[in-house]
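Note that the structure is predicted; figures quoted are calculated from it, not measured.
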Number of protein chains: 2
Amino acid sequence: MSLRATSSTSDKTRQKIVRAAEQLFADKGYQSMTLRDVTKAANVNLAAVNYHFGSKCNLMREAIRSRIEPINVERLKRLAELIEAHGPAPVPVSAIFNSLFRPLFESDGPSKGPNPALIQMIGRAFTEPADFMRNLHKDFFTELSFRYLTELKRTCPQLDEETIRYRFFLSISTMLGATINTVTLENLSSSKSTEPNYDKIVSELIAYAAAGFDHA
Amino acid sequence: MSLRATSSTSDKTRQKIVRAAEQLFADKGYQSMTLRDVTKAANVNLAAVNYHFGSKCNLMREAIRSRIEPINVERLKRLAELIEAHGPAPVPVSAIFNSLFRPLFESDGPSKGPNPALIQMIGRAFTEPADFMRNLHKDFFTELSFRYLTELKRTCPQLDEETIRYRFFLSISTMLGATINTVTLENLSSSKSTEPNYDKIVSELIAYAAAGFDHA
DNA sequence: GTCTATAGAACGATAGAC
DNA sequence: GTCTATCGTTCTATAGAC
């Protein structure tokens, strides 16, 4: 049968499916999101998912991969720029976290605004219990965490390796928690706006994580 | 028909179901956890869940409620003790977070060790997308957050209300992320122990959140 | 490539014997 | 209270017409 490997004249159906899947996965998680939901929201036929992606699992792997990879590229690019800019001096913790957190919240590209569905999807992907996510985590997080841990160790030589790993873990946890923890997010703003203020969230997040990581 | 409202001579079946549900919910989330899984793990009959709890939804509401309520009581008790002990002086942020975070990780009671299944279950409950969780959050979090925000405001009068709410939200996110974010948790210890070191996690968590909250 | 129709399996819930 | 058996629904995935 052979799945579609390359783009053709029209990827509209494929794209519509991915976009709908993003939103539904963000809202309801993997198990609660059904292919009927997806194809209905995308306004395509039910069979289209299996034709284009082979399976529900593959659809989500592809959806998540296509979003995370550019973000991780941007993260490492900014980290490299920081290292370059500071020469032999270590990069401040807040600048390191800035390069790690910002790209997620500028998910549609720098100078573009944040994409709530995309932010939530990634947050949920890393807290999703489904088995097939495990490998994704390894693929997308191993190199990234190694690079960031290396740089954080250089900036904070007074902290032993184990402490650095714990605090890095807590920093990642804060970021992920902030993206999916709708509970407190709703109670945050005194105004009853449905849309969270991501600009405020991300700058607070960076300052919070930097202070939490760097404390005596 | 009438559900069982009061305890009878033997709550063994009921208890076994709740315990099994906790573990499975912690591992797989609400939708992936089936009643067939639960009753099989509990070694009881499939129909027992609907007899004792009426529905799958009700089972999890009861399981979560029975765990969170004692923890919240303990939290507020410790907070009240802190306020009492400090008299008119404000309670330090780290002490406030100590009273908020510790009870979850001493979930089987003080002097008892942490209960991984319980910790994960509560973390997952607050990040679960399922609709029926929404009301639970309101029930178990509204009063708690009000009390803690009041006390944090007294301790940090230099911070405006909105900033306090944002940082409190981030602190809760850190805690929740730490309980369910298995990804990085696995990569944490250089030793390949399956069991996370909760003692280390919780003390790092409290110091981290206090520093993150209290920064200039 | 896109559709209809359906296979095949799993689910929550319940009826009714004991 | 506890069991077996099953109803009615919903899911992913696929076969086959167009």
Check whether A:Phe53 forms a cation-pi arrangement with A:Arg14 (NZ or CZ under 6.0 Å from the six-membered ring centre, at most 45° off the ring normal). yes
Give a yes-or-no answer on whether the side chains of B:Asn58 and B:Glu62 include a donor-acceptor pair shorter than 3.5 Å.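 The answer is no; no qualifying pair exists.
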Between B:Arg19 and B:Gln23, a side-chain donor and acceptor under 3.5 Å: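 B:Arg19 vs B:Gln23: no donor-acceptor pair found between side chains.
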Below 4.0 angstrom from OP1 or OP2 of [N], is there any side-chain N or O of [X]?
X: B:Asn45; N: D:dG1; result: no
X: B:Thr13; N: D:dT2; result: yes
X: A:His52; N: C:dT2; result: yes

Judged by atom type as modelled, is there a donor-acceptor pair below 3.5 Å linking the side chain of A:Arg124 to the main-chain atoms of B:Thr127? yes
Check whether any side-chain N or O of B:Lys56 sits under 3.5 Å from a backbone N or O of B:Val49 as a donor-acceptor pair, and report yes or no.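 Not confirmed, B:Lys56 side chain does not pair with B:Val49 backbone.
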Mind telling me whether B:Tyr148 and B:Phe168 have parallel, tilted or perpendicular rings, with 30° and 60° as the class edges?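 Ring orientation, 0 to 90° scale: parallel.
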Using a 4.0 Å cut-off on protein heavy atoms (strictly under), produce a 5'-to-3' string for nucleotides 12-18 of chain C with B for base contact, S for backbone-only sugar-phosphate contact, and - for none. BBB----
Over how many whole Å does the gap from A:Arg14 atom CZ to C:dT2 atom C1' extend?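 Distance, rounded to whole Å: 16 Å.
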Whole-Å distance between D:dA13 C1' and A:Phe53 CZ?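 About 16 Å, once rounded to whole Å.
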